[in-house]
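Reading through the structure tokens given below for one structure.
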Amino acid sequence: MFRNLHSIFLFLLFSLIGYNISVSAQTASERIKQSYTTLHPHIIINNIEDITGGNFIEPYSQKIMTGLPPFRRISLISRPTSESNIGIEVWMPIENWNGRFLGTGTGGGAGYINFWALEIGLKRGFAVANTDMGTSPAAHEVYEYPERWKDFGYRATHEMTVVAKKFIKKYYGKEPLYSYFQGCSTGGQQALSEAQRYPEDYNGILAGAPANNRTHLHTMFLWCHALCNENPELMFSKKQLQKITEIVIQKNVGKDGGAPTDHFLTDPRIATIDTEIFKSFLSEKQINILKKILNGPVNPNTGERIYCSFPLNSEDKPSGQEYFQGKSAVNELLYPFIWAFGKDFDYRKFDFDKDLEKVDSILAPILNANNPDLRPLKKNNGKIIMYTGTCDPIVPFPDAINYYERVIEQTGSLEETQTFFRYFIIPGMNHCANGPGVNDFGQGFPTPPNPDKEQDILTLLMDWVEKGKAPERIIATRYKDNSRKEIEMQRPVYPYPDFPHYIGGDPTLPQNYKRKTHLRNNVPIPAKKYLK
């Protein structure tokens, strides 16, 4: 009997001890969560965990990241309005923090966390953050939530930045020495939106292929889609698009500074083409459609230019016309129109005059980052590097030139603008990367970074911010099979309006190019009402 009572007593004792340990651990975890939650209003901490095993399984995709340094991961939701649902991740190195914060961008209509950006930032020693911009599960599905449109346009990125800095200060006991932002495409829009609306958020900004003229860029997508979907016979085949690009390059290669052996153009603004030359493989109706596409969208009633078109030599690229005319483009590229007109939006009925006026009245003030007055950023000693590719059909470089020229006008001169804002046009690069030309200059943030600083654009930006050394050129590389092992070609790239010019010898070597200034602007200029 006593033995049984003794056993029962021990069982109850140890159960209570285990319970207390469990409660204590749970309480400690909740206390940590609460301590972060109170740092910023309207945030909900989903998870805080210290990941020390080197691996991380991405939620949803179940992709396994490996080789990660130990870090604290904080996953949260920010709700600055009752409609908002902004997902944010903040990753902070447990050891060997480089003392800096890196905000990162995403792409398309967002709606997801860019874990790749978090990984590369963490591996380079940054405390790093990313946001889904509040459009989860997909941009075209949030048409009933206008506050989420604002989150996408500007609010989510700023929320991410403010929250991350507060977490960094709490975790390390000090603020970051310097803060940087990097993003391409929609990430480029985030970059310029930050520069224009919140000039004190970042010391240095890297804006790739910025989709900052958002409503009018998507009007170009709609223009290309609608023209080719009037009749299935008007759609261009993959072979036809490849043939168009082949002829464009054949007629213009080597005349714009590039080598005569290039399979891309260095400065397509200099290129010309007579569309009648395509009669051998395009119908008359297709040629007429192609002329309208290459001209870019215009207001049918006033003739005013709305936006440019994609550049010559990018017709056959994967993110180009073949994509624009396809069915997937409706949800993936036309979501701003779904926001403005509802889920039953019919692109076939779109009026490029009155309907676009409605789109702009609703969305331009919150989505577009077209303000050329960056003097507040300059006053705050902020620096920007912007880059685009000459083979990018999805965010055409002529619009970036147009924006940069307007910044120059607002700032006062090219020389004054280049004291804080430099723009590089990458020969033959597609959208953010890839393409037939040089397409790698460290924008993918390899770890470790290239010891040649001219081949690592983030290092160049950091040197500009922290040491006052402005980038005079970058060395862009094309690797064989995108392996980052065997170099196929390299080329120097200079700040606009300067371009590399081939001077003879092996065209794959950077020393066989010299710096030459091209004409400024020389791009289609939209009407002022389409620059808001």
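Worth saying up front: this structure is predicted, and the values here are computed from it rather than measured.
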Test: D463 and K453 ion pair at under 4.0 Å
yes

Should the pair H158 and Y198 be assigned to parallel (<30°), tilted (30 to 60°) or perpendicular (>60°) ring geometry?
parallel

Under a 4.0 Å N-O cut-off, is there an ion pair linking K165 with E175?
no

So, E194 versus T157: side-chain donor-acceptor pair below 3.5 Å or not?
no

If we ignore angles and hydrogens, is there a donor and acceptor under 3.5 Å between the side chains of W91 and E89?
yes

Return yes if a side-chain donor-acceptor contact under 3.5 Å exists between E405 and Y496, otherwise no.
yes

Between OH of Y180 and OG1 of T104, what distance do you get to the nearest 0.5 Å?
16.0 Å

So, for F424 and Y387, is the gap between ring centers shorter than 6.0 Å?
no

Is any side-chain N of the basic residue among E416 and K378 closer than 4.0 Å to the acidic one's carboxylate O?
yes

Distance only, no hydrogens: is a donor on one side chain within 3.5 Å (strictly under) of an acceptor on the other, for T390 and D267?
no

Parallel, tilted or perpendicular for F152 and Y335, by the 30°/60° rule?
perpendicular

Could you walk me through whether Y423 and T388 satisfy the side chain to side chain donor-acceptor pair (under 3.5 Å) test, starting with their C-alpha distance in whole Å, then the side-chain angles of each, then the deciding distance to 0.1 Å, before giving a yes or no?
CA-CA 8 Å; Y423 171 36; T388 53; 2.7 Å; yes

Is it the case that the side chain of N450 and the backbone of Q455 share a donor-acceptor pair, with hydrogens and angles ignored and the cut-off at 3.5 Å?
no

R491-T477 side chain donor-acceptor pair, cut-off 3.5 Å
no

When rounded to the nearest 0.5 angstrom, what is the spacing between CD1 in I205 and CZ in F421?
9.5 Å

What distance do S193 atom OG and N212 atom CG have between them, rounded to the nearest 0.5 Å?
9.5 Å

K239 and E246: CA distance, side-chain angles, deciding distance, salt bridge (charged side-chain N to carboxylate O under 4.0 Å, His left out) verdict
CA-CA 10 Å; K239 287 185 178 180; E246 287 174 8; over 6 Å; no

If you apply the rule salt bridge (charged side-chain N to carboxylate O under 4.0 Å, His left out), what do you find for E472 with R422, and how did you get there?
CA-CA 9 Å; E472 290 299 329; R422 297 198 171 194; 3.1 Å; yes

Over 60° means perpendicular and under 30° means parallel, so tell me whether H518 and F499 are parallel, tilted or perpendicular.
parallel

Full working for side chain to side chain donor-acceptor pair (under 3.5 Å) between N130 and T106:
CA-CA 8 Å; N130 190 261; T106 187; 5.2 Å; no

Can you tell me if T245 and E315 form a side-chain donor-acceptor pair at under 3.5 Å?
yes

Under 4.0 Å between a Lys/Arg side-chain N and an Asp/Glu carboxylate O for E488 and K480?
no

For Y178, does the six-membered ring have the charged nitrogen or CZ of R100 within the cation-pi criterion, i.e. under 6.0 angstrom from the centroid and within 45° of the normal?
no

Note: Q418 and P495 closest approach over all heavy atoms is NE2-CB, 3.9 Å

Show the nearest heavy-atom pair for residues R375 and Q410, with the distance to one decimal.
NH2-OE1, 3.2 Å

Stepwise salt bridge (charged side-chain N to carboxylate O under 4.0 Å, His left out) check, D498 with R515:
CA-CA 6 Å; D498 292 353; R515 183 172 185 167; 2.6 Å; yes

Any donor-acceptor pair under 3.5 Å from D256 side chain to A271 backbone:
no

Regarding H216 and D399, do their side chains bring together a donor and an acceptor under 3.5 Å, going by distance alone?
no

Taking it one step at a time, do D456 and R124 satisfy salt bridge (charged side-chain N to carboxylate O under 4.0 Å, His left out)?
CA-CA 12 Å; D456 192 86; R124 289 181 60 147; 2.9 Å; yes

Please report the interatomic distance CD(Q490) to CG(D452), rounded to the nearest 0.5 Å.
8.0 Å

With rounding to the nearest 0.5 angstrom, report the CD to CD1 distance, Q443 to I474.
8.0 Å

Between T135 and G109 (side chain of the first, backbone of the second, donor and acceptor by atom type, cut-off under 3.5 Å), is there such a pair?
yes

Going by atom types only, do N213 and N370 share a side-chain donor-acceptor pair under 3.5 Å?
yes

If you measure only the distance, is there a donor-acceptor pair under 3.5 Å linking the side chains of N371 and Q196?
no

is_close_aromatic(F324, H225), centroid dist under 6.0 Å:
no

So, do T186 and M133 sit near enough that their side-chain heavy atoms are less than 4.5 Å apart?
yes

If we ignore angles and hydrogens, is there a donor and acceptor under 3.5 Å between the side chains of N439 and Y479?
no

Going by atom types alone, do T161 and Y202 pair a side-chain donor with an acceptor below 3.5 Å?
yes

From OG (S413) to CD1 (I408), nearest 0.5 Å:
8.5 Å

